[in-house]
Structure formats: C-alpha cells, structure tokens
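Throughout, a chain's letter reflects where its sequence line sits, starting with A, and its residues are numbered from 1.
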Protein chains: 2
Amino acid sequence: MNKRELQRQQTRATILTAADHIYAAHGFIRPSTQMIAKEAGVAHGTVFLHFQSQEKLILAVIEHLGMALTAQIHEASEPGHSLSDILRTHLDAIEASEALYTHLILDLPQLPEEAQQTVIGIQSVIAHHMDQVIGQLKKEKKIKDLSFSFLFTTWIGLIHYYLMNRRLFAPHGSVLAFYKDQLIANFIKLLEVDCK
Amino acid sequence: MNKRELQRQQTRATILTAADHIYAAHGFIRPSTQMIAKEAGVAHGTVFLHFQSQEKLILAVIEHLGMALTAQIHEASEPGHSLSDILRTHLDAIEASEALYTHLILDLPQLPEEAQQTVIGIQSVIAHHMDQVIGQLKKEKKIKDLSFSFLFTTWIGLIHYYLMNRRLFAPHGSVLAFYKDQLIANFIKLLEVDCK
DNA sequence: ATAGTCAGTGAGTGAGGAGTCATTATATGA
DNA sequence: TCATATAATGACTCCTCACTCACTGACTAT
C-alpha cells in the first residue's frame with residue numbers, strides 16, 4: 001500500500017464523512033458541493049476527483065447508510081426473537097442514523113432511482129423478520145387477522161411520521177430515543193386480540 | 001367593479017391556478033417562476049406584479065389548499081357520524097387535492113413556517129372530529145384503550161405513507177381512490193376490541 | 001539525484017433562476 | 001378627445017451552483 005494511495009483513500013473517506021454530516025443536517029437537496037468540500041477541508045475540485053458528480057456522491061452516502069442499517073439489523077437478529085425484539089432492533093438501527101435516514105425518506109422523490117432501490121432493500125430486510133414472527137403469532141391467534149402488508153405499512157407509516165415531525169415531537173435530540181418504548185408497546189397493544 | 005380591476009383579478013387567479021397545477025405535478029421546490037408564468041400564459045414579470053416573491057406565491061397556493069380542505073371536511077361533517085364516516089370524509093377531502101397535498105407533506109421541512117401552521121390547522125380539524133367519535137366508542141368499550149394521540153398519529157402516518165409512495169402503490173391515478181375502503185376497514189378492525 | 005506521475009488546487013465557465021425596471025398598450029375620468 | 005393611471009411585458013442584472021482544467025508540488029521508480 002502506497003503512501004500516495006493511502007492518502008487518496010483517506011481523502012475519499014474524509015469527503016464521504018463530511019457529506020454524511022452535511023446531508024444529515026440539511027438534507028440531500030439544499031447543500032452545495034462547495035459546502036461539502038469546505039466541511040471536508042479540501043478544495044472544491046477534489047470532490048469531483050473522487051466522485052464523478054454530485055449525484056454519485058449522494059448515492060455513495062445513501063449506499064453506505066443502507067449497508068450500515070441492513071448489517072446492524074441482521075447482526076442483532078436471532079432466531080426466537082419476540083415481536084418486541086424485532087421492532088426494537090428496527091428502531092435501534094434507525095436511531096443510529098436518525099437524521100440522515102429521515103432526510104432520505106423525505107427527499108426520496110427528488111433522488112435518483114437507485115436511492116429508491118436502497119430504501120426498498122432496507123425495508124425488505126425488516127419486513128422479512130417481522131413477517132416471520134407475525135405469521136407465527138397469527139397462527140397462535142394472539143394477534144388480529146389482518147394482512148401482513150397492512151400491518152407492515154401501518155408500522156412503517158407510524159415510524160416515518162414521527163421521524164418526519166421530529167422537530168415537533170422532540171425539538172432537541174432523537175425522537176426515537178424518546179418514544180421508542182412507547183411506540184413499540186402501543187403498536188403491539190394495537191395488534192393484540194384482547195378479550196376482557 | 002372596473003373592467004381594469006376585473007382583468008387584474010382574473011390574471012391573479014390564472015397565475016394561482018397555474019401554480020397549483022405546476023406544484024401538484026412537480027412539488028414546491030423544483031419549479032421555477034418562469035415555468036409558472038409560462039403555464040399561466042403571462043410574462044415572467046407579471047408573476048411578481050401579483051405576488052411579491054416566489055415564497056408569497058407558494059404560501060398563497062398552500063393557504064388556498066388549506067381553506068379548501070377544511071371547508072370540505074366541515075361541510076361533510078354532521079353530528080352522529082360514525083368513525084367510518086369521519087375517516088371517509090377525511091380521505092375524500094385529501095383525494096380531491098391528492099397530488100398537491102402529498103407534495104405539501106413531503107416538501108414541508110423546506111417550506112416557510114407559515115406552511116407548517118397551515119398543515120397543523122388542517123390536522124386539527126380532522127383530529128377534532130375523530131376525537132369526538134373515538135372518545136364515545138372508548139366509553140362504550142368498543143375500541144381499545146389507547147391514547148387518542150397515538151391512534152391519530154397511526155392513522156395519519158398510514159395515510160401519509162400511502163400518499164408518499166403513491167407511485168409505488170398506484171402508478172397511474174389516485175392511491176386513495178384505490179385503497180380508501182380497504183384502509184378504512186383495516187384501520188377500524190385494528191382499533192376494535194374483538195372477542196371471539 | 002532526477003524524471004515522471006498523480007493527488008490536489010482553485011480560478012474560471014456556462015447554465016439557470018429570482019427579482020427589477022424602463023417601456024408599451026389599454027382603460028379611465030375630466 | 002386627450003391626459004393620466006396602471007396592468008402587463010420581457011430584456012436585463014445579479015447571484016448561485018455544478019463541473020472543468022491548467023497548474024503545483026509531493027511522492028515514486030529508476
């Protein structure tokens with residue numbers, strides 16, 4: 001490994017991290033490549049030396065987020081987990097990149113096709129794990145007989161709603177850190193068949 | 001009423017309608033004032049003759065949407081409505097401006113403070129009606145004992161999720177037209193206390 | 001030691017967008 | 001009828017931004 005090559009890869013990583021921070025703070029659309037160069041402490045041109053275009057840079061950041069999330073979810077998933085465990089794993093993973101994930105969801109329609117594929121990939125992973133447990137609980141008649149896709153979209157919709165309104169729900173700090181337990185408990189209560 | 005004044009108001013209305021169409025199709029952020037002028041069939045400068053700035057124009061369009069939605073919800077609301085009636089009224093109102101409403105939700109963080117107030121206003125109206133009926137059903141022990149705010153955010157989250165992914169759920173046409181009945185039925189089933 | 005290579009630089013370019021203003025065309029009021 | 005007022009115009013200005021390229025200087029291979 002060259003000293004030169006090492007330096008090169010280090011600079012690339014610096015830019016990627018800077019972009020990560022900037023996009024997490026301001027979303028993917030507003031920030032300019034100038035701003036990212038400044039944050040990374042490199043010349044404007046250097047950004048384009050490492051990433052062909054702004055679009056490619058954005059996609060690299062999103063790809064990186066996707067990998068981090070799916071890895072974390074897989075890692076924390078063990079057979080025999082309860083529904084509560086699965087939901088908590090999901091929220092823990094998102095919480096670790098809460099700001100960036102939220103902007104990904106919000107800016108998605110304005111981002112290139114590849115970004116949408118990444119989001120679909122992330123959701124497939126969590127959907128798979130949820131489906132396993134929910135299928136079992138349905139057989140045991142412990143939760144309501146509603147289609148999995150409806151239950152899944154209800155859960156994702158709820159989480160995304162909290163994330164999108166994070167400034168409203170938790171002006172300082174993480175919404176999920178604040179509401180995680182409550183969200184999981186309430187959602188499970190909603191699914192349960194309860195005869196008093 | 002002057003002929004001149006009439007013409008003036010007509011031009012203003014033309015621009016507002018054009019902006020409505022353009023924003024519904026492309027969101028509030030991307031389209032240029034040039035594009036709206038072209039759609040309205042007026043000169044670029046004319047837009048600024050009627051609206052001080054792009055921001056004021058956007059706010060006027062959003063204000064107009066807010067009025068339309070709240071008016072429609074109030075109009076269709078009668079005392080003695082069932083939960084299903086309330087939810088349907090809500091979805092009917094949104095469906096009438098589905099594309100514009102969806103972009104309002106998506107672009108909200110990038111829009112001025114006033115826009116957020118408008119959205120809060122709309123949601124207050126529907127929340128008020130829902131709260132009436134749900135409070136009653138809770139007393140009758142017909143639905144689960146969960147906080148109203150949780151049930152409300154679950155409902156809004158679900159609807160917004162479908163709207164935000166409308167291209168996925170219903171590539172051509174309205175998501176709500178397609179899924180309205182199913183969404184209402186499933187959501188009510190979720191709330192119900194069902195003892196078999 | 002030295003020629004060659006290449007990561008990094010930053011002023012420069014062209015595209016596009018918001019908002020302005022001198023000018024034009026038309027309606028109004030005396 | 002004619003002077004005045006004003007709705008409308010669109011070329012123009014100023015600005016920001018993504019991306020380029022001639023150049024620099026540190027590193028490498030001989």
Side-chain angles (χ1 to χ4, degrees), chain A residues 1-23 25-63 103 107 110-115, chain B residues 1-62 103 107 110-115:
Chain A
M1 175 70 76
N2 254 348
K3 185 173 177 182
R4 203 180 249 169
E5 177 64 13
L6 192 83
Q7 179 61 36
R8 181 181 154 77
Q9 292 192 10
Q10 216 158 46
T11 302
R12 191 189 148 96
T14 304
I15 294 171
L16 209 62
T17 304
D20 194 304
H21 290 156
I22 294 284
Y23 291 147
H26 304 102
F28 290 94
I29 307 303
R30 285 172 177 277
S32 63
T33 48
Q34 296 265 12
M35 204 188 285
I36 286 155
K38 199 176 170 189
E39 169 83 10
V42 299
H44 189 205
T46 308
V47 173
F48 294 91
L49 192 69
H50 288 272
F51 302 90
Q52 287 167 47
S53 63
Q54 189 183 39
E55 182 176 310
K56 289 279 171 65
L57 173 60
I58 288 176
L59 287 176
V61 170
I62 292 174
E63 180 80 7
H103 280 121
D107 296 343
Q110 297 171 70
L111 295 174
E113 177 63 22
E114 290 94 316
Chain B
M1 176 68 74
N2 255 346
K3 184 175 176 183
R4 203 179 250 170
E5 178 65 13
L6 191 83
Q7 178 61 35
R8 182 181 154 77
Q9 291 192 10
Q10 214 158 46
T11 302
R12 191 190 147 95
T14 304
I15 294 171
L16 210 62
T17 304
D20 194 305
H21 289 156
I22 294 283
Y23 290 147
H26 302 102
F28 291 94
I29 308 303
R30 286 172 177 273
S32 64
T33 47
Q34 297 265 11
M35 203 188 286
I36 286 155
K38 199 175 170 191
E39 170 82 11
V42 299
H44 188 207
T46 308
V47 174
F48 294 91
L49 191 70
H50 288 273
F51 301 90
Q52 286 168 47
S53 63
Q54 188 182 40
E55 183 177 309
K56 290 279 171 66
L57 172 60
I58 288 176
L59 288 175
V61 170
I62 292 175
H103 279 120
D107 296 343
Q110 297 171 70
L111 295 174
E113 176 63 22
E114 291 94 316

**Asked** Between A:T17 (side chain) and A:A13 (backbone), is there a donor-acceptor pair under 3.5 Å?
**Response**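 At least one qualifying donor-acceptor pair exists.
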**Sidechain-backbone polar pair: A:T46 side chain, A:V42 backbone, donor-acceptor under 3.5 Å** =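 Side chain of A:T46 to backbone of A:V42: no pair is present.
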**Request:** Describe the nucleic acid contact of A:V42 in one word from base, sugar-phosphate, nothing, applying a heavy-atom distance below 4.0 Å.
**Result:**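 Result for A:V42 = sugar-phosphate.
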**Asked** Rounded to whole angstroms, how far apart are CZ on A:R8 and P on C:dA7?
**Response**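 The distance from CZ of A:R8 to P of C:dA7 comes to 5 Å, rounded to the nearest Å.
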**Prompt:** Atom CD1 in A:I62, atom CD in A:E114: separation rounded to 0.5 Å?
**Reply:**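 Rounded to the nearest 0.5 Å, the CD1-CD separation comes to 9.5 Å.
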**Asked** Heavy-atom contacts under 4.0 Å between residues 18-28 of chain B and DNA chain D, which residues?
**Response**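 Close to the strand, none.
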Result block: side-chain N/O donor-acceptor pairs under 3.5 angstrom for residues 19-32 of chain B, not counting sequence neighbours:
{"unit_1": "B:H26", "atom_1": "ND1", "unit_2": "B:I22", "atom_2": "O", "d": "3.4"}
{"unit_1": "B:R30", "atom_1": "NH2", "unit_2": "A:Q110", "atom_2": "O", "d": "3.1"}
{"unit_1": "B:S32", "atom_1": "OG", "unit_2": "B:M35", "atom_2": "N", "d": "3.2"}

**Item:** Nearest heavy atoms of B:Q54 and B:F48, plus distance in Å
**Value:**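 Nearest heavy atoms, B:Q54 then B:F48: N-CE2, 4.1 Å.
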**Asked** For B:V47 and B:A37, which heavy atoms make the closest approach, and how far apart are they?
**Response**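 Heavy atoms of B:V47 and B:A37 come nearest at CG2-CB, 3.8 Å.
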**Request:** For B:E39, look at atom CD and say whether over 12 heavy atoms of other residues, nucleotides or ligands are found less than 6.0 Å away.
**Result:**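 Result for CD/B:E39: enclosed.
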**Request:** For nucleotides 15-30 of chain C, just jot down a letter per nucleotide in 5' to 3' order: B, S or -, based on protein non-hydrogen atoms under 4.0 Å.
**Result:** --SBBB-----BBS--
**Item:** side-chain hydrogen bond (donor to acceptor under 3.5 Å, both in side chains) partners for B:K38, two or more places apart
**Value:**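 With neighbours one apart ignored, the set is empty.
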**Prompt:** So do B:R8 and B:E5 actually touch side chain to side chain, heavy atoms under 4.5 Å?
**Reply:**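 Heavy-atom side-chain distance check passes, below 4.5 Å.
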**Request:** Could you list the residues that satisfy ring-ring contact (aromatic ring centres under 6.0 Å, His included) with B:H50, not counting sequence neighbours?
**Result:**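 Residues passing ring-ring contact (aromatic ring centres under 6.0 Å, His included) with B:H50: none at all.
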**Message:** For a 4.0 angstrom threshold against heavy atoms of chain B, report the outermost contacting nucleotides of DNA chain D in 5' to 3' order.
**Reply:**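 So the contact region on DNA chain D extends D:dA5 to D:dG10.
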